[in-house]
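Read the numbers this way: they start at 1 and go in the same order the structure lists the ligands and their atoms.
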Amino acid sequence: MVSKELETAINKQINAEFWSAYLYLSMSAHFANKGLPGFANWFNVQFREEQDHALKLMNYLISKGNRVELTPIEKVETKWNSVLHAFEDTLDHECVVTSLINNLVSLSRKENDYATENMLQWFVSEQVEEEETAQGMIDSLKLIGDNGFGLYTMDKELAQRSYVPLANEQA
Ligand code: FEO
């Protein structure tokens, strides 16, 4: 089992991952409404990945014989002025998630809980990727500026992103 303190902290992280999923689903709906199906698709894949993150943490607690406690998900934004603004919010949010993961790693180290620390390393690597991806999108969107054709082309490109279940990705 993991300690009660760590169990509570991981349950909080499960909520944070579901909040992330909710945020990206909201972005997906917003851009679908705005006639940008590729951006909507990209955020929909992001939504599904965040649910996988929550499930990974839930499954870990269960495998250790701990309690999973699902708590209410706070409301999220529903509108963005531009795709650039949405990706800026994405980057800001992922930086917050990185610090939450780092806090969990610190706690598991403090408790000499090596199994939990090992499980969390996957999230440490994932956060590097999450921040890099969001920054890359921001860079591309800044290059595009207010060029409508550029945005149209990027939308077509993002329509290609497909969801890969975490179980398949990791084997
Ligand atoms: Fe689950 Fe985007 O971090």
Inside 2.8 Å of atom 2 (Fe) of ligand 1 but strictly below it, how many protein N/O/S atoms are present?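 Near atom 2 (Fe) of ligand 1, the number of protein N, O or S atoms below 2.8 Å is 4.
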Do other residues, nucleotides or ligands put more than 12 heavy atoms under 6.0 Å from Tyr152 OH?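 Counting other residues, nucleotides and ligands, OH of Tyr152 stays at 12 neighbours or fewer.
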May I ask you to check whether over 12 heavy atoms, not counting those of Glu111, lie within 6.0 Å of atom CD? yes
Side-chain donor-acceptor contact under 3.5 Å, Glu130 with Gln46: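 There is such a pair (donor and acceptor under 3.5 Å, judged by atom type) between the side chains of Glu130 and Gln46.
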For the residue pair Glu131 and Thr98, confirm or rule out a side-chain donor-acceptor distance under 3.5 Å. yes
Contacts of Phe39 that satisfy ring pair (Phe, Tyr, Trp, His ring centres under 6.0 Å) - sequence neighbours left out: none
Does the pair Phe47 and Tyr163 meet the rule for a ring-ring contact (aromatic ring centres under 6.0 Å, His included), with working shown? CA-CA 10 Å; Phe47 153 66; Tyr163 167 68; 9.2 Å; no
